[in-house]
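The first residue in the sequence is number 1, and the count goes up from there.
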Amino acid sequence: MTQVLDAHVTPAADAALAVRAMFGGHLQALLKLDPDWTSRHLCDILPIEPEHTRAWRAAWNGHLENRVLTDTAWGLLRPHYLRAVNILTPTPNNEWEQARATLLAFHLGNRFWFGPLDRDDPDHLLQRFYEQAPAEAASIIVQSGGRSFNRDEPTEPERRERLMRLWEYRIQAVRRGADPDELSAFDDWFVNGRFDDAWSLNQLYEILSLAPDIGLSVHVLRRLRTLALTHPHACLHILDRVPGRPGHYWMTSRHRALIHEIIATTCTADDAAASAASRLVSAFAVDGFDFRSALDGDASSSAETDRSTG
């Protein structure tokens, strides 16, 4: 087999971009089948010389198509990931550049989740990615992090802490001017219940403060309903960000039964909660929604129904 590969592995022997893409696409399989041969020819498969830039791009794009990345491949290819990050642009010229940035984000998210990649690494690979990547691709790592939890298995504390540090890093980036749309990916983090409730509620409030266009999904509202008994003030604080926000009329209209339940559950916690709930009901009234009956504290008294509550 290696005789056939030897005849085509170098760009000088076979410059066809389809062949370069084939070598890149099968790079991890080659590493598994013959790690010595593949390691020796890595510079042929991914040539770094300027005159072979097109060959490198073809092979690299082929490699990115594989979503699963092994530790062995990561160890060998990290310099190439750095090169790929350095040529990113926040404003892609076409959909192919956007697609490559997105695939790269999936790879980096995989490595962040499994541990070999961290924000404080000496080569600053993750930080460079966030500085260079288009906003849509930048959101992928947070998005995939929230979806990486297996609901049937306990979460390792170290992984949970890593994700919390990453999130707080991204919150700080948005405060400094990064695209706030990235924060919408927090829904999965919030609803899975794997993080400290107080921390999760605080982050949700931060999102609504930093990104006025991001609303509360039905899944988030259901989670707030669950947390209303134990964290009434935080839940009211979050709902207080909804009235008057542009574009959220239809969200309130569709899920008013859920909102009613949250207000009714929280308003009986203490006098401060009752006052906050009363102010919230007044704010909703300005938008045309009557939640006065919720102030009686009966979560089941609403005449409204919400089809999504099931």
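- A donor-acceptor pair under 3.5 Å is formed between the side chain of Asn192 and the backbone N or O of Asp188.
- Remark: the backbone N or O of Val142 is paired with a side-chain donor or acceptor of Trp189 at under 3.5 angstrom.
- In this model, no donor atom of one side chain and acceptor atom of the other lie less than 3.5 Å apart for His26 and Asn66.
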Taking distance alone, no hydrogens or angles, what donor-acceptor pairs closer than 3.5 Å link side-chain atoms of residues 67-77 to residues at least two apart or in another chain?
from  : atom 1 : to     : atom 2 : distance (Å)
Thr70 : OG1    : Gln28  : OE1    : 3.3
Thr70 : OG1    : Ala73  : N      : 3.1
Asp71 : OD1    : Arg111 : NH1    : 2.5

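- Taking the six-membered ring for Trp and the full ring otherwise, Phe129 and Tyr81 have centroids separated by 6.0 Å or more.
- Annotation: Tyr130 is in aromatic contact with Tyr169 [ring centroid separation under 6.0 Å].
- Listed for the Gln143 side chain is no donor-acceptor partner under 3.5 Å among the backbone atoms of Ala185.
- A donor-acceptor contact under 3.5 angstrom links the side chains of Glu168 and Trp199, judged on distance only.
- Judged purely by atom type and a 3.5 angstrom limit, Asp290 has no side-chain atom pairing as donor or acceptor with the backbone of Ala285.
- For the pair Arg170 and Asp179, the salt-bridge criterion is not met [side-chain N within less than 4.0 Å of a carboxylate O].
- Ion pairing between a basic and an acidic side chain is recognised when a charged N comes within 4.0 Å of a carboxylate O; Asp123 and Arg78 show such pairing.
- The backbone N or O of Pro50 sits less than 3.5 Å from a side-chain atom of Thr53, completing a donor-acceptor pair.
- Salt bridge Asp187/Arg223: absent, no basic N to carboxylate O contact under 4.0 Å.
- Side-chain atoms of Asp287 come within 3.5 Å of backbone atoms of Gly244 as a donor-acceptor pair (strictly under, hydrogens ignored).
- Between the side chain of Ser200 and the backbone N or O of Asp196, at least one donor-acceptor pair lies under 3.5 Å.
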>> Please evaluate residues His63 and His107 with respect to the criterion ring-ring contact (aromatic ring centres under 6.0 Å, His included), reporting the C-alpha separation (whole Å), side-chain torsions for both, the decisive distance (0.1 Å), and the verdict.
In response: CA-CA 10 Å; His63 165 67; His107 278 233; 5.2 Å; yes
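- Annotation: cation-pi pair Arg256/Phe289 absent, no NZ/CZ under 6.0 Å from the ring centroid and within 45° of its normal.
- Geometric assessment of Arg20 against the ring of Trp60 yields a negative cation-pi assignment under the 6.0 Å and 45° thresholds.
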